[in-house]
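Report on one structure; see the data block that follows.
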Amino acid sequence: MPLPAHLTQRNGELYFEDVALDHLAQQHGTPLFVYSKAAMLDALSSYQRGLAGRDHLICYAMKANSSLAILQTLVRAGCGLDIVSGGELERALAAGCAPERIVFSGVGKSRDDMRRALELGIGCFNVESRSELDTLDAVARSVQRRARVSVRVNPDVDARTHPYISTGLKGNKFGIAHGEVLETYRHAASCAALEVVGIDCHIGSQITESSPYLDAMDRVLDLVDAIEAAGIRLHHIDFGGGLGIDYNGDTPPAADQLWPQLLARLDARGYGDRKVTIEPGRSIVGNAGVCLTEVLYTKPGEHKNFLIVDAAMNDLPRPAMYQAFHRIEPVKPRAGDPAIWDVVGPVCESGDWIGRDRALTVQAGDRLAVLSAGAYCMSMASNYNTRGRAAEVLVDGQTTTVIRQRESAADQMRLETLLP
Ligand SMILES: *Cc1c(COP(=O)(O)O)cnc(C)c1O
């Protein structure tokens, strides 16, 4: 199976851009996240090509990976940011994002978060319920600002044809149900401190086909027809994120193939003049990162062989949380017949596994690369078992920069107090 872009085998070892991963692991220790700047920017430029010639804003969904240098790289390359918390707002500012290029998503924004975002003048609040609209209206009055809003609509894309879509269906907590959207817009338009500017949807994650997007676009544009017929003008249409990546032979459409199709529909429905906003996360950074880990022990058994590695569910939560698959490749492959291993971490939980039944030729002390680890890994990492979070390195050609130091035990205890 081909490796993700910018990962190559050279002289019998794995490189990210022009840097040998084994050398990085020796230098900085493991577990270690390594990101390729070129891979990130290539993924972004596929969207930029797909939307070229349109009034558009690509708001990188920073919950996928919110490390400051990653944000900074994407902001410098032209991205706005999609945030889901007050903490992410502060990170967005620290990374140099202009407030007007920030959209604020999420079902549970606090009043404090709203106030801060209003004072900064962010681009848009994507509102998910009627009571959130009322709260935002009240907070905006209290700070004497107007809040620009979109309503996140739930397009209820057919579950039978697209069962993998997890957020665009009836019966989940996200968005306003199709049948209640028009009334919600009428209400928003009547709130003095709210300025209706757009409409928003986000139908799920790791979507690997075009059809759910095309269906969702049709459903959303039906709503736009109705909202505009009621005299409420929508300046932008936000299609969220959700485009999948290749974890294990998956074949999602490329952004520069998908977007021309979607824009053609937009034109055909008479909305070609509207600004298009999107919120991609995983598809920008997912395959731009790997996690390096060292084999601590081999533990062959009667029923199972275990490879115990120094990365764990606190570093790579996706297998434990979603039974997700990450490819695992030796950083310096050795000759010999492979055995079948379960790759597991040191955390005291049976759920602490990284890969099951993998054919690998390895010995203790070897290093492995867990692929497709750029999205929803470091940003979900925890300190369970008082394990410090991993260090992170950004590779750019031959240059490497440590963008986050390894977290120490002292770092973890810093905010705690012993009793007198
Ligand atoms: C998580 C999220 C995204 C990004 O999803 P990806 O699958 O990472 O592209 C975009 N918009 C909203 C509202 C989200 O919650």
Side-chain angles (χ1 to χ4, degrees), residues 40 43-44 46-47 50-51 56-67 70-71 74 79-85 87-89 91-92 101-109 113 117 122-129 132 149-155 157 162 164-169 172-176 198-210 212-213 216-217 220 236-247 250 252-255 258-259 262 276-289 317-318 321-322 324 372-380:
M40 234 178 287
L44 174 62
S46 182
Y47 281 101
L51 292 163
H56 72 268
L57 181 60
I58 301 170
C59 290
Y60 164 64
M62 62 182 278
K63 73 178 191 286
N65 186 320
S66 55
S67 298
I70 303 284
L71 302 181
L74 293 170
C79 284
L81 296 173
D82 172 65
I83 65 168
V84 293
S85 73
E88 286 195 348
L89 178 55
R91 277 189 178 271
R101 295 168 73 80
I102 294 174
V103 298
F104 198 160
S105 298
V107 292
K109 302 171 194 79
D113 293 346
I122 66 156
C124 190
F125 291 86
N126 292 338
V127 175
E128 300 225 16
S129 64
E132 186 190 336
V149 298
S150 286
V151 172
R152 176 168 173 185
V153 302
N154 187 332
V157 178
H162 313 298
Y164 44 82
I165 292 176
S166 55
T167 65
L169 284 169
N172 72 54
K173 69 179 178 183
F174 298 105
I176 302 266
I199 189 167
D200 168 54
C201 80
H202 170 70
I203 55 175
S205 205
Q206 187 53 18
I207 297 166
T208 55
E209 292 174 33
S210 304
Y213 281 104
M217 172 158 289
V220 169
H236 78 252
I237 304 181
D238 182 337
F239 282 101
L243 190 59
I245 62 167
D246 178 7
Y247 283 103
D250 308 289
L258 174 67
W259 272 97
L262 289 168
V276 174
T277 301
I278 57 170
E279 305 164 352
R282 186 192 313 272
S283 52
I284 303 282
V285 292
N287 266 328
R318 299 184 64 258
M321 275 184 80
Y322 315 114
S372 312
Y376 303 109
C377 292
M378 190 61 185
S379 60
M380 285 185 156

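When a ligand or atom number is given, it counts from 1 through the structure's own listing order.
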| Which one holds for Asp82 and ligand 1: side chain close, backbone close, both close, or neither close, with close meaning a heavy atom under 4.0 Å? |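 Side chain only.
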| Given that the side chain starts at C-beta and the backbone is N, CA, C, O, which of these parts of Ser205 lies under 4.0 Å from ligand 1, counting heavy atoms, or is it both or neither? |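 It is both parts that get close, each with some atom under 4.0 Å.
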| Which atoms form the tightest heavy-atom contact between Ser105 and Asn126, and what is the distance? |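 Minimum heavy-atom separation between Ser105 and Asn126: OG-ND2, 3.3 Å.
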| Is Tyr376 in contact with ligand 1, taking contact as a heavy-atom separation below 4.0 Å? |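 Under 4.0 Å: yes for Tyr376.
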| said: Please confirm whether Gly242 approaches ligand 1 to less than 4.0 Å, judged on its heavy atoms. | reply: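 Right, Gly242 reaches ligand 1.
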| said: Return the closest protein heavy atom for atom 10 (C) of ligand 1 as residue, atom name and distance. | reply: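 Checking every protein heavy atom, the shortest distance to atom 10 (C) of ligand 1 gives Glu279 O, 3.1 Å.
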| message | Checking Ser372 against Asn287: is there a side-chain donor and acceptor pair closer than 3.5 Å? | response |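 On atom types as modelled, these side chains qualify, holding a pair under 3.5 Å.
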| Any side-chain donor near an acceptor of the partner, Tyr376 and Ser205, under 3.5 Å |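 There is no such pair between these side chains.
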| Is the closest side-chain heavy-atom distance between Ile278 and Cys59 below 4.5 Å? |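 No - every pair of side-chain heavy atoms lies 4.5 Å or more apart.
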| request: Side-chain contact test, heavy atoms from C-beta onward, threshold under 4.5 Å: evaluate it for Trp259 versus Leu243 and give yes or no. | output: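 A side-chain contact is absent here, since even the closest heavy-atom pair is not under 4.5 Å.
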Where ligand 1 meets [X] - atom numbers and elements under 4.0 angstrom, heavy-atom basis:
{"X": "Ser105", "result": "13 (C)"}
{"X": "Ala61", "result": "3 (C), 4 (C), 10 (C)"}
{"X": "Arg152", "result": "13 (C)"}

| message | Check whether Asp82 reaches the backbone of Pro280 with its side chain - one donor and one acceptor, N or O, closer than 3.5 Å. | response |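 Not confirmed, Asp82 side chain does not pair with Pro280 backbone.
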| request: Measure from the side-chain N and O atoms of Ser379 to the backbone N and O of Ala64, and report whether any donor-acceptor pair falls under 3.5 Å. | output: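 Pair found, side chain donor or acceptor close to backbone of Ala64.
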| query | Heavy-atom distance to atom 5 (O) of ligand 1: which of His202, Met62, Arg282 wins? | reply |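 Ranked by closest heavy atom to atom 5 (O) of ligand 1, first place is His202.
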| task | Flag the pair Glu132 and Lys109 as a salt bridge only when some basic side-chain nitrogen lies within less than 4.0 angstrom of an acidic carboxylate oxygen. | result |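 Result for this pair is yes, salt bridge flagged.
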| Between Lys63 and ligand 1, does any nitrogen or oxygen pair lie at a separation below 3.5 Å? |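 Min N/O separation from ligand 1 is below 3.5 Å for Lys63.
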| N/O to N/O below 3.5 Å, does that happen between Gly241 and ligand 1? |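 Among all N and O atoms of Gly241, none is under 3.5 Å from an N or O of ligand 1.
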